[in-house]
Structure formats: C-alpha cells, structure tokens
2 protein chains.
Amino acid sequence: MSDADDGLRARLVRVGVDLLARDGMQALTLREIARQAGVSHGAPRRYFPTHVELLSAIAREGFADLGAAIHKVLRDRRRDPRARLVTLARRYLEFARTNPGMFELMFRHDLLESNRLGLREGSLPLFTALVDLVEQARPVSGAPPQRVAAALWANLHGIALLWGWGSLQLATGDRDVEPLLRTALEAHLGPGKR
Amino acid sequence: MSDADDGLRARLVRVGVDLLARDGMQALTLREIARQAGVSHGAPRRYFPTHVELLSAIAREGFADLGAAIHKVLRDRRRDPRARLVTLARRYLEFARTNPGMFELMFRHDLLESNRLGLREGSLPLFTALVDLVEQARPVSGAPPQRVAAALWANLHGIALLWGWGSLQLATGDRDVEPLLRTALEAHLGPGKR
DNA sequence: CCGACGGAGTAGACACCGTCTACTGCGCTC
DNA sequence: GAGCGCAGTAGACGGTGTCTACTCCGTCGG
C-alpha cells in the first residue's frame, strides 16, 4: 500500500534510487526508470520536464542521506571536535563505498542541474559547520580554517574517488581505507590526542 | 602535409583531442569525430572496434602529456625535493585547469578501458617516484611514505576536481588555487623550509 | 597484361536514447 | 449530465553506438 500509490513523482524517484543502487549509473535512463515504474516513457515528463531534472531529484535524495549522516555527527556535542571530524570523515567514505552509484551521480556535474539541488543551499551551511569544527579541533595554525577545511574536504573526496576505483589500494598496499584516512586527518589536523 | 596524411588512426585521435579541447566531453561522440575527420561513421571501427577504445586512445594522449609534465619535475635533481613537489602539484592543477575536457575524460572511469591505458603501467612508476620524493622531502613521520604520497595525491586530485567546478572558491573565498595548494602541501609535508 | 584478392572506407539497418506532440480516458465541477 | 482539465499513452523525430553487406581500388601472381 505504501509502495505503489504515493504519486508517480515520488515513485519515479524511488525507482530511480533503487535502480541506481542495483544496476549503476548506466542503467539510469529515463525510459528504463519509466519502465520499472510501470508507466510509458512519456509519463515522467509531466513531473520532470527533462532527464536532468529527474536525475537531479534522485541525486537530491543522495545529498539528503549524506547530509543527514554528516549533520548528525556535526551537532553531537558530547564528543570532542577531533573525534567528530574522524567519524564525519569515516561516514563520508562509507557513504561512497556503500552507495557507489549514488556517489557517482551526485558528482556527475554534467548530468545535474548544478544550481539548487541542495548543493549550494544545502551543503554550504554544512561546510561552515565543518569550518567551525576544524577551528575547534586544530589548536593553532597559519592558514585560515576555511582553507584547512576546504583542503580536508578535497582530500576526503579525492580519497573516496580514487579508492572507489581501486587506484589507492595498490598504491598503498592497504586493504582498508582507515589507515590512509588517519594519515590524511593527521596531516590536516596535526598529530592525534596523545 | 603533416596534417592530413598520417593514417586515419592517428587523425582520429588528433581530431578527438582537438574536439575535446574545443567543445568538451559531450561533443566527443564517435560519429562527430568521424565527421570532423571527414570519414563515414563506420570508418573508425577498423582501428577502434568500439567507442571506448577510441576514447581510451584519446585519453592516453592526455596521460602522456600530464605524465611528461610531471616526470620532468620528478627527475630534476637540481632543486630540493620539497620544491619539486610544489611544482609538481602546481603542474597537476594547471593541467586540470587548462585542459578541463581532457582531465574529465581521463578520469571518466566508465568511458575508458580501465586496463592498460597507461594508468596501471604508466602511472605506477610515476607514483613510486612520488613516494621517493615524499620520503626525501619529509624528514620524519609516523606514516609510511606510500600512504603519505597516496594521501597527497588524493588531496591534489580532489582539489583539482572541486576547484574545477567552482565549489572551493566560494568555500574559501579565494580567487586563486595557490593558497589552498600551499595549505594542503604544508599539511602533508610539514611546515615550509624555515 | 590482366584478373583475383584483400584491406579501407561507405552506407544502411538496428535497437536504444531523450524530447516533443497529438491523442485518449476519466474524474470533477458547474 | 455536459464539459473541462489533468494524467498518462503512443508514435514520431533526430541522435547515438554497433553491426553487416557492399564497393572501390591498389597490389600481387600468373
């Protein structure tokens, strides 16, 4: 009951998310989504005038998931800033690992309407929160915290990407990302608590 | 003379590289390349059985260029390791900035034959050279140099990517990558000469 | 000298894609 | 109960990558 009848719009997005998780990006055609949703290939057009808008709606789901996972860590005041940054980073990499298709879509700039999409509006406050956290976690440094946060974010993203297609495991010889992650974090935040 | 008659194979690759630089990834269809080369859409098939193989040949050109730019820096023994790492990083980012289409293609894993392509065979020795350089440049640390090198590489790549589509300039407020690059390098290699 | 052969490129078909448009139901309102 | 409007259908269009049948033309063997 909750499965079929909540409007075609939502169903299309849901089908898209599932299809993406199951068969990856290359299966995520407009016509295939419509097929899986049991409607004709012209039906999506009423809700998503263009393929890009449908993909963007699907990606928005991914951003929401990732944002939720991260925001939860950001606002957890019980643990010290550094520990929160570590788990935040871990969540990011884990998201990329467990949702490879979604992660790919989310940053396939050419397939998304780069405006809205909660990438400007939704992730900028998230970034400023990251800046705060970095500022708290890193006692003192020459560089402004925004730059450190940006460098850290880029590092995280790069690791997620390169690890995702296997380049880094044979470069490092590691089987798990964790050591590399620790190395990167220590680089940006200074040595651990001790 | 050197322009037209060096075989269709080479011409297709050359046309592809130009087209990619001029009109970006989305213009790089098999048929368009054939059109620009002045042959029928079936002609490329004799030399590149599949679109993926043609794209891979084009990307290989990019890897060669990037590799040449980087290798030159790696083997320049006149400057100290740290300075070499800085220019290496700068070259990487500059390549991404000046050849955005090629850079995109080179890491569009889904469009390339992920084997050969000089990404395994060609860039692994390049990576070990990077490891050496890191080892020389960084006096002492807990993490093995391979991990540090991997983290650095990922950081570089992430910066190139995120900067490329404008996410980082409004996060940092910077107009140039250089400060961010310095921050990242200092993070991974320790504070400057001093 | 000339006929057969083979490689290089052509041209058309196929299935699939995203978009557009004319159309059909069907429920709802006046 | 008649009309209207919206949701979804179905087919066309131009584009794509792949496949295949074909033509052309240079080269080689007799």
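The structure presented is a predicted model; accordingly, all values stated were derived computationally and were not measured. Note on naming: letters A, B, ... go to the chains in the order of the sequence lines (proteins, then strands), and numbering restarts at 1 for each one.
- One finds the CZ atom of Arg82(B) at 13.5 Å from the CG atom of Leu88(B) (value rounded to the nearest 0.5 Å).
- Taking atom CG of Leu55(B) as the reference point, atom P of dT16(D) lies 13 Å away to the nearest angstrom.
- Using a 4.0 Å cut-off between a side-chain N of Lys or Arg and a carboxylate O of Asp or Glu, Arg147(A) and Asp174(B) qualify as a salt bridge.
- From His188(A), atom NE2 reaches atom CG of Asn155(A) across 3.5 Å, with rounding to the nearest 0.5 Å.
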Show me the protein contacts with nucleotides 15-17 of chain C, counting only N or O atoms at under 3.5 Å.
| from | atom 1 | to | atom 2 | distance (Å) |
| --- | --- | --- | --- | --- |
| dC17(C) | OP1 | Thr29(A) | OG1 | 3.3 |
| dC17(C) | OP2 | Arg35(A) | NH2 | 2.7 |

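- Between the OH atom in Tyr92(A) and the CD1 atom in Ile159(A) there is a gap of 11.0 Å [rounded to 0.5 Å].
- Near DNA chain D, meaning a heavy atom under 4.0 Å away, the residues from residues 37-44 of chain B are His41(B).
- Taking atom OH on Tyr47(B) and atom P on dT18(D), their separation rounds to 18 Å, with Å as the unit.
- Here the C1' atom of nucleotide dT18(D) and the CZ atom of Phe48(B) are 16 Å apart, to the nearest Å.
- By the neighbour-count criterion of 12 heavy atoms within 6.0 Å, atom CZ of Arg75(A) is sparsely surrounded, having that number or fewer from other residues, nucleotides or ligands.
- Note on Glu53(A) versus Arg60(A): no salt bridge recorded, every NZ/NE/NH1/NH2 to OD/OE distance being 4.0 Å or above.
- For the pair Gln26(A) CD and dT16(D) C1', the interatomic distance rounds to 16 Å; values are reported in whole Å.
- The interatomic distance linking Glu53(B) (CD) with dG17(D) (P) rounds to 14 Å, in whole Å.
- Taking side-chain N and O atoms only, Thr50(B) has no distance below 4.0 Å to OP1 or OP2 of dG17(D).
- Applying the 6.0 Å contact sphere to CZ of Arg90(A) captures more than 12 heavy atoms from other residues, nucleotides or ligands.
- Atom CG of Leu54(B) and atom CD of Glu113(B) lie 10.5 Å apart (nearest 0.5 Å).
- A salt bridge is absent between Arg91(B) and Glu94(B): the closest approach of a Lys/Arg side-chain nitrogen to an acidic carboxylate oxygen does not fall below 4.0 angstrom.
- In this structure, Leu12(A) atom CG and dA7(D) atom P are separated by 13 Å, rounded to whole Å.
- The separation between Arg46(B) atom CZ and dA8(C) atom P is 6 Å, rounded to whole Å.
- Whole-Å rounding puts the Ile33(B) CD1 to dG9(C) P distance at 16 Å.
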